[in-house]
Structures are given as structure tokens and as C-alpha cells.
There are 2 protein chains.
Amino acid sequence: MNSKRSETADYEVDRQIGFFIRQANQRHVAIFNGLIGDKLTTTQWAALSKLKQIGPTSQNHLGRETAMDVTTIKGVVDRMVKRGYINTAADPNDGRRLVLQLTDEGHAVIDNNLAAAIQATKDTLEPLTPGERMMFLELLHKIT
Amino acid sequence: MNSKRSETADYEVDRQIGFFIRQANQRHVAIFNGLIGDKLTTTQWAALSKLKQIGPTSQNHLGRETAMDVTTIKGVVDRMVKRGYINTAADPNDGRRLVLQLTDEGHAVIDNNLAAAIQATKDTLEPLTPGERMMFLELLHKIT
DNA sequence: TCATTTTCATTTGTATGCAAATGAGTATCG
DNA sequence: CGATACTCATTTGCATACAAATGAAAATGA
């Protein structure tokens with residue numbers, strides 16, 4: 001008996017946790033995109049709403065707060081700056097830092113899309129009962 | 001009272017389901033990358049192991065089986081062909097189809113990395129008790 | 001103080017991930 | 001049979017996502 005072969009036979013990639021997580025993310029993103037109104041992506045929404053929550057901050061710090069790599073947050077911020085939602089300025093106290101701040105337009109786009117974002121969360125969890133939702137959130141948080 | 005403002009104040013993007021799913025996926029991918037031995041990504045692994053499971057098939061079909069867009073699966077397959085893990089041939093019965101098949105090297109790379117892939121699943125679920133793992137899988141499957 | 005380390009932002013390169021459009025081949029059905 | 005619809009693979013464009021390297025600025029500690 002070749003144990004390697006028997007393991008291979010048992011293994012099904014589409015029953016692994018990674019596969020499910022990837023699919024769940026795909027579904028959530030699709031729901032979000034279908035509800036959001038200003039062609040905002042989930043990461044752009046995360047960056048904007050987090051920036052609103054914590055106030056003016058540096059680019060890398062905003063990235064850490066939103067679980068984005070320095071390269072990723074830079075791309076997101078660049079696009080939000082280009083669209084006029086975020087303003088950048090040099091930090092007078094630290095020559096390295098780029099201070100990010102929401103523009104009035106940035107605040108407005110958050111207000112305009114908050115309901116859709118909340119609905120996206122609801123719709124994503126719709127297949128679960130209220131009790132299951134609590135449990136799911138808790139378990140998901142544990143493996144993060 | 002401005003209800004829009006109060007909603008905004010309550011909303012925290014890093015407590016939303018989408019944020020957790022994205023982070024969970026990041027963590028799993030990092031674990032997988034740390035264990036896998038041949039610079040294979042999670043999607044490349046999914047494509048290879050699924051191709052082994054279902055046998056020779058078309059590119060789009062493999063994409064559907066692995067939850068990948070036609071563009072995404074094309075990129076993955078192209079890279080696996082380039083590395084010699086997948087072989088392509090025209091389907092004599094259907095002029096549109098490209099029949100994909102694992103090469104000997106492709107079979108070998110699966111055998112060499114199966115243990116790592118299994119370990120990646122285990123490590124990802126490590127923070128949960130056995131009971132929680134069952135529950136988590138079930139809930140994750142429901143929202144997929 | 002001055003060398004070491006750390007942090008910040010940027011750039012390059014590679015790899016998903018999806019929308020939209022295209023062209024070629026196949027299936028369906030009136 | 002022939003028009004229509006569908007499927008397959010491809011291409012383009014845009015948006016994450018991360019590794020690795022770089023240069024500038026700040027913090028640290030001997």
C-alpha cells in the first residue's frame with residue numbers, strides 16, 4: 001500500500017477551509033458590488049470608512065488599521081486621492097509621513113453608501129439564523 | 001437628530017463580516033505559503049489537485065470546478081503549463097476546447113506538497129476546538 | 001554624538017480576480 | 001436548413017495582494 005496515494009485519493013481541495021473562505025469572500029464581494037452606488041470596492045470602502053473613524057493619519061497606519069499591505073494601501077489611497085475623496089499633505093513634524101484626510105466629497109460618499117454597506121453585511125449573512133450569525137462571527141474572529 | 005450621522009457613528013468597518021473574511025483569507029494564504037514547498041499559490045494548488053481529481057478536462061470547466069473566473073483560470077493554467085505541470089491539447093471532438101491534463105511532473109508536485117496542504121488546513125483551524133471546527137465549516141459552507 | 005535600527009513611502013515584479021468585448025465553434029429549434 | 005443562442009478561449013483594462021528592494025527621515029542606544 002502506498003500511503004501517499006491513499007492520502008491523495010482522500011484529499012478534496014474543494015472541501016478544504018481555504019477553498020470555502022475564498023468562495024465566501026467572492027460571494028460577499030459580489031453582494032457588496034451589487035449594492036454599492038459609486039463604484040467603490042470593498043477595500044476602498046474599508047479605507048474611507050476607517051479614515052473617517054480614526055481621523056487624519058499616515059498612509060501606512062491606515063493600511064495597518066485596514067489589514068492592507070503598504071503596496072496595497074498605496075494603490076487604494078492613490079485612487080481615492082485621484083477621485084477627490086482623500087486629501088494628502090506632508091506632516092510638518094515628520095518628514096517621512098503623508099497625512100491623509102477625508103475631503104468633503106469623501107465624507108459625502110461615505111454617507112451616500114453607508115446604508116448599502118450595512119445591507120451588504122446583512123445579505124451576506126442572510127443564509128444564517130441570528131444565532132448562527134453570532135457564532136459565525138465569533139469563530140471567524142478566532143481564526144483571524 | 002440626524003439619523004444618518006448616528007448610523008455612521010455606530011458603523012465600524014473592521015467589525016463587518018467582509019472584513020473578517022478578508023483577514024481570515026489573508027491568514028490562511030500566509031500559512032499555506034509558509035508550508036508549501038514549490039512556490040505554489042493556493043489557487044495553483046486548487047487547480048492542480050482538482051485536475052487530478054476530475055481527470056482531463058477543458059479550461060473553463062476546471063475554472064468552474066475551482067470557483068475561478070475564465071480570466072483567472074487562464075492565467076493560472078498558463079503558468080502551470082509554463083512550469084510543465086499541465087499539458088494542453090486540442091479536443092478532436094470540439095474545436096473550441098483545450099483539453100488539460102496533468103503531466104508526470106504535475107502528479108509529482110502534488111504528491112510532494114499534499115502533506116503541506118493538509119497541514120495548512122490544520123494550522124488555519126488550529127485556534128478552534130474540534131467541535132468549533134465542524135461548526136465553522138458548516139456555517140462557512142452555508143454562506144457560500 | 002554617531003552608528004545602528006526602525007519607520008515611512010515608493011517602485012518593480014508577479015499573481016489573483018472580475019467586467020466587458022471579441023471571434024470561433026457548437027447546439028438548439030422552428 | 002438556417003437563424004439564434006450558447007459555449008469556449010482569449011484579450012484588455014482595472015483593482016487588490018504581497019515580496020523585495022530602495023532612499024529618506026526619525027528613533028534608539030552605546
Side-chain angles (χ1 to χ4, degrees), chain A residues 18-19 21-34 36 38-48 57-83 85-86 88-100, chain B residues 18-19 21-34 36 38-48 57-83 85-86 88-100:
Chain A
F19 195 86
I21 294 176
R22 190 169 129 262
Q23 274 201 282
N25 192 53
Q26 284 176 349
R27 175 166 168 274
H28 169 71
V29 169
I31 290 172
F32 184 93
N33 290 340
I36 210 75
D38 288 288
K39 290 198 175 185
L40 290 172
T41 65
T42 53
T43 52
Q44 289 168 359
W45 174 256
L48 292 178
T57 187
S58 73
Q59 186 175 276
N60 280 7
H61 185 247
L62 182 60
R64 284 191 294 271
E65 291 289 316
T66 50
M68 291 184 218
D69 189 71
V70 292
T71 321
T72 304
I73 191 64
K74 173 166 175 42
V76 173
V77 167
D78 282 355
R79 281 180 283 276
M80 294 298 89
V81 167
K82 200 172 183 181
R83 285 170 63 175
Y85 299 154
I86 291 179
T88 66
D91 186 336
N93 301 320
D94 188 336
R96 300 166 303 179
R97 284 180 191 244
L98 199 64
V99 179
L100 308 180
Chain B
F19 196 87
I21 294 176
R22 190 169 128 263
Q23 274 202 284
N25 192 52
Q26 283 176 350
R27 176 166 167 275
H28 169 70
V29 169
I31 290 171
F32 184 92
N33 290 339
I36 210 75
D38 287 289
K39 290 200 175 182
L40 290 173
T41 65
T42 53
T43 52
Q44 288 167 359
W45 174 257
L48 291 178
T57 187
S58 74
Q59 185 175 274
N60 281 8
H61 185 245
L62 182 60
R64 284 191 294 272
E65 291 288 317
T66 50
M68 290 184 218
D69 189 72
V70 291
T71 320
T72 304
I73 191 65
K74 175 169 175 38
V76 173
V77 167
D78 282 355
R79 281 180 284 274
M80 294 299 89
V81 167
K82 200 172 183 179
R83 285 169 63 175
Y85 299 155
I86 292 180
T88 65
D91 186 336
N93 301 320
D94 189 335
R96 300 165 303 179
R97 284 179 190 244
L98 199 63
V99 178
L100 308 180

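Excluded from the calculations below are hydrogen atoms, water molecules and symmetry mates; all remaining heavy atoms, backbone and side chain alike, are included.
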Touch class at under 4.0 angstrom, heavy-atom based, for B/Asp94 against every strand present: sugar-phosphate

Spell out, as yes or no, whether a donor-acceptor pair under 3.5 Å connects the side chain of A/Gln23 to the backbone of B/Ala67. no

Please determine whether any donor N or O and acceptor N or O are separated by less than 3.5 Å between the side chain of A/Thr71 and the base of D/dA19. yes

Roughly, in whole Å, what's the span from CG in B/Asp38 to P in C/dT14? 19 Å

Assert: residue with more 5' nearest nucleotide on DNA chain D, out of B/Val99 and A/Gly75, is B/Val99

Which nucleotide in the set D/dA19, D/dT10, D/dC8 lies at the smallest distance from any side-chain heavy atom of B/Val70? D/dT10

Pick base, sugar-phosphate or nothing for B/Thr41, based on heavy-atom distances below 4.0 Å to the nucleic acid. sugar-phosphate

Can you check the B/Met68 CE to C/dC18 C1' distance for me, whole Å? 14 Å

Using a 4.0 Å heavy-atom cut-off, does A/Val29 contact any base of the nucleic acid, only the sugar-phosphate backbone, or nothing at all? nothing

Which part of the nucleic acid does A/Thr43 contact within heavy-atom distance under 4.0 Å: base, sugar-phosphate only, or nothing? sugar-phosphate

Rounded distance (Å) that lies between atom P of C/dC18 and atom CD of A/Gln23: 10 Å

Strictly below 4.0 Å: does B/Gln26 bring a side-chain N or O up to OP1 or OP2 of D/dT16? no

Please check this pair: side chain of B/Asp38 against backbone of B/Leu40, looking for a donor-acceptor N/O pair closer than 3.5 Å. no

Tell me which nucleotide among C/dC8, D/dT16, C/dG17 gets nearest to the side chain of A/Arg22. C/dG17

Counting only side-chain nitrogens and oxygens, does A/Arg97 get under 4.0 Å of the OP1 or OP2 atom of D/dA27? no

Nearest-Å distance, CD1 (B/Ile31) to C1' (D/dA17)? 17 Å

Can you measure A/Arg64 atom CZ to C/dT7 atom P for me and round it to whole angstrom units? 8 Å

If each of A/Asp78 and A/Asn33 is mapped to the nucleotide of DNA chain C with the nearest heavy atom, which maps nearer the 5' terminus, i.e. the 5' end? A/Asp78

Would you call A/Lys74-A/Asp78 a salt bridge at under 4.0 Å N-O? yes

Nearest-nucleotide pick for B/Thr72, side chain only, options being D/dC8, D/dA15, C/dT16: C/dT16

Record whether the side chain of A/Arg96 comes under 3.5 Å of the base of C/dT7 through a donor-acceptor pair of N or O atoms. yes

Under 4.0 Å, counting only non-hydrogen atoms across every strand here, what does B/Ser58 touch: a base, just sugar-phosphate, or nothing? sugar-phosphate

Identify the heavy atoms of A/Lys39 and A/Arg83 that sit nearest to each other, and give their distance. O-NH1, 3.3 Å

Upstream residue (5' side of DNA chain D) when A/Asn25 and A/Asn93 are each assigned their closest nucleotide: A/Asn25

Return the value, rounded to whole Å, for the distance between atom CD1 of B/Ile73 and atom C1' of D/dT10. 14 Å

Mind calculating the distance between CH2 (A/Trp45) and C1' (D/dA15) to the nearest angstrom? 18 Å

Checking A/Ser58 against A/Asn60: is there a side-chain donor and acceptor pair closer than 3.5 Å? no

Below 4.0 Å: OP1/OP2 of D/dA9 and any side-chain N or O of B/Lys74: no

Take atom NE2 of A/His28 and atom P of D/dT16, then tell me their distance rounded to the nearest Å. 13 Å

Is any side-chain heavy atom of A/Val77 less than 4.5 Å from a side-chain heavy atom of A/Leu100? yes

